[in-house]
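Scroll down for the structure; my scribbles are underneath it.
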Amino acid sequence: MKLLIIRFSSIGDIVLTTPVVRCIRNQIPGAEIHYLTKSSFREIIEPNPYINKRFYLSDDLNGLLAELKQERYDYVIDLHHNLRTARVKQALGAKSFSFPKLNIRKWVLVHTKINLMPDISIVDRYFEAVSSLGVQNDGQGLDYFIPEHTPDVCADLPDSHQAGFAACVIGGSYFTKRLPVAKWNELCAITPYPLVLLGGPEDQATGDLIAAAWPDKVYNACGKYSLNGSARFIQSARIVVSNDTGLMHIAAAFQKPVISLWGNTTPAFGMSPYYGDHHSAGRPAPRSVIMENKKLSCHPCSKLGYNACPKGHFKCMNSLDMNYVASVING
């Protein structure tokens, strides 16, 4: 049986598909798994040993479709479910399955604050796309594979961080998903624990501001390393403090304790840190703390995010209790 799994973006969403990939491989004898994503996310799926072949979307969709048609798939598993994946499925002509995106329910939650979302992770919704194939969630959580040749970035850390550190993911795809600098400075002031700041090149200047204020406590790794380099820091951290972003899900894949910070979005969409059900096998699930202000009448205000708070106060982030975050970090 040959299957094509489609998830074009983004980092966290692709990581959240990994249990489906693993379970297909382990539960369907002889299954050949191909994966289609954007070329910018090659680093995530290249090391995955459960994938037989990888395809990457760039500018030439027609050329890609011609290449995919030659594979003659038995099934297409659509874990993105948008107009572009519909075009891929139509071109391939194979039997396809998709997952419930629940966009209407998300709209209702954003615009009326009535929560009709199921109390399950999006991972479990992904599994609905393969249920007719007899594939079930094995409860082992997410996967993230770092190639062996990835440098030991932790060797770059100062002596103050060599005995242990907390990773702080300061990046985010939208302003309203990022904890403000003042709040990070507030956290730095009340925790004695060494911190490593993580994010992309676009977050480097912000990280420099924070690190400059706390030179003996904070190491800014934003923009200095590849995604897998950042994942190395996550893997080595004692605990992770993160905005709602891809590295948060990578932390969950490594079964790290996560303090997740929620601004305009909400874990009710099904995107909170996902660990599987290790606790049901007698192994306690890692500690996961959700920091979210549910009392605001304007929260959540978007399923994606904004470049500025629509109300101007940004209370969803500014009201988060950094004393509590520090107490969890300090253990």
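Quick note: residue numbers are just sequence positions, from 1. All values reported here derive from a predicted model rather than from experimental measurement.
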Q: Would you give the length of the straight line joining atom CG of D74 to atom CG of L133, rounded to the nearest 0.5 angstrom?
A: 10.0 Å
Q. Any cation-pi pair here, R25 with Y50, using under 6.0 Å and within 45°?
A. no
Q: I would like to know whether R84 and I6 meet side-chain contact (heavy atoms from CB on, under 4.5 Å); could you show each step before the answer?
A: CA-CA 10 Å; R84 183 171 285 174; I6 309 175; over 6 Å; no
Q) Between I234 and A167, what is the shortest heavy-atom contact and its length? A) CD1-CB, 4.1 Å
Q.
Regarding Y35 and T17, do their side chains bring together a donor and an acceptor under 3.5 Å, going by distance alone?
A. yes
Q: Enumerate the residue pairs fulfilling ring pair (Phe, Tyr, Trp, His ring centres under 6.0 Å) with a member in residues 214-233, sequence neighbours excluded, ordered by first and then second residue.
A: Y225-F233
Q.
Go through it in stages, so that I can follow the logic: the residues are N82 and K101, the test is side chain to side chain donor-acceptor pair (under 3.5 Å), and I'd like the CA-CA distance, side-chain angles, deciding distance and then a yes or no.
A. CA-CA 10 Å; N82 64 4; K101 293 190 78 168; over 6 Å; no
Q.
Quick one, L102 and P118 - any side-chain contact, counting heavy atoms below 4.5 Å?
A. yes
Q.
I'd like to know if the side chain of D13 pairs up with that of S10 as donor and acceptor (distance under 3.5 Å, no hydrogens or angles considered).
A. yes
Q.
Assigning hydrophobic clusters by single linkage (Ile, Leu, Val, Met, Phe, Trp, Tyr; side-chain heavy-atom cutoff under 4.5 Å), is L57 placed with L65?
A. yes
Q) Side chains of T150 and N228: do they bring a donor and an acceptor to under 3.5 Å? A) no
Q.
Between Y306 and Y174, is there shared hydrophobic-cluster membership here, with clusters defined by ILVMFWY side-chain heavy atoms closer than 4.5 Å?
A. no
Q: Using the six-membered ring wherever Trp is involved, compare the ring planes of Y73 and H34 and label them parallel, tilted or perpendicular (cut-offs 30° and 60°).
A: perpendicular
Q: Look at the side chain of D78 and the backbone N and O of H81, then say whether any donor-acceptor pair between them is shorter than 3.5 Å.
A: yes
**Q.** ring pair (Phe, Tyr, Trp, His ring centres under 6.0 Å): pairs with one or both residues in residues 82-132, sequence neighbours excluded
**A.** Y75-F97, F99-Y126, W107-H111
Q | K177 and N264: CA distance, side-chain angles, deciding distance, side-chain contact (heavy atoms from CB on, under 4.5 Å) verdict | A | CA-CA 6 Å; K177 296 177 77 172; N264 71 277; 3.3 Å; yes
**Q.** R125/E128 salt bridge by N-O under 4.0 Å criterion
**A.** no
Q) Does T191 use its side chain to pair, donor to acceptor, with the backbone of L187 at less than 3.5 Å? A) no
Q: Mind listing the closest non-hydrogen atom pair of C316 and H299 along with its distance?
A: CB-ND1, 4.3 Å
Q. Checking K311 side chain against C298 main chain: does a donor-acceptor pair fall under 3.5 Å?
A. no
**Q.** Donor-acceptor contact below 3.5 Å, side chain E202 vs main chain G172
**A.** no
Q: Grab the two heavy atoms, one from V169 and one from S242, that are nearest each other, plus how far apart they are.
A: CB-OG, 3.4 Å
Q. Looking at S39 and Y56, what are the two nearest heavy atoms and their distance?
A. CA-CB, 3.8 Å
Q | Considering all heavy atoms, the nearest K53-F55 contact | A | CE-CZ, 3.7 Å
Q.
Applying a strict under-4.5 Å side-chain criterion to I, L, V, M, F, W and Y, I'd like to know whether I45 and L36 cluster together.
A. no
Q. Testing K294, E292, K303 for side-chain hydrogen bond (donor to acceptor under 3.5 Å, both in side chains) with T266, which one passes?
A. E292
(Q) Using only atom types and a distance under 3.5 Å, with no angle test, would you say the side chain of Q140 pairs donor to acceptor with the backbone of G276? (A) no
**Q.** Whether N52 side chain and I33 backbone form a donor-acceptor pair below 3.5 Å
**A.** yes
Q. Is the closest side-chain heavy-atom distance between V20 and V135 below 4.5 Å?
A. no
Q | Verdict with supporting geometry, V240 and L198, side-chain contact (heavy atoms from CB on, under 4.5 Å) | A | CA-CA 10 Å; V240 178; L198 298 175; over 6 Å; no
(Q) I'd like to know if the side chain of K315 reaches the main chain of L296, judged simply by a donor and an acceptor atom lying under 3.5 Å from each other, with no hydrogens or angles considered. (A) no
Q) How far does CG of N243 sit from OG1 of T176, to the nearest 0.5 angstrom? A) 10.5 Å
Q | Closest non-hydrogen atom pair, L142 against V15 | A | CD2-O, 3.8 Å
Q: Please list all pairs passing the ring pair (Phe, Tyr, Trp, His ring centres under 6.0 Å) test where one or both residues lie in residues 175-204, with sequence neighbours left out.
A: F175-F314
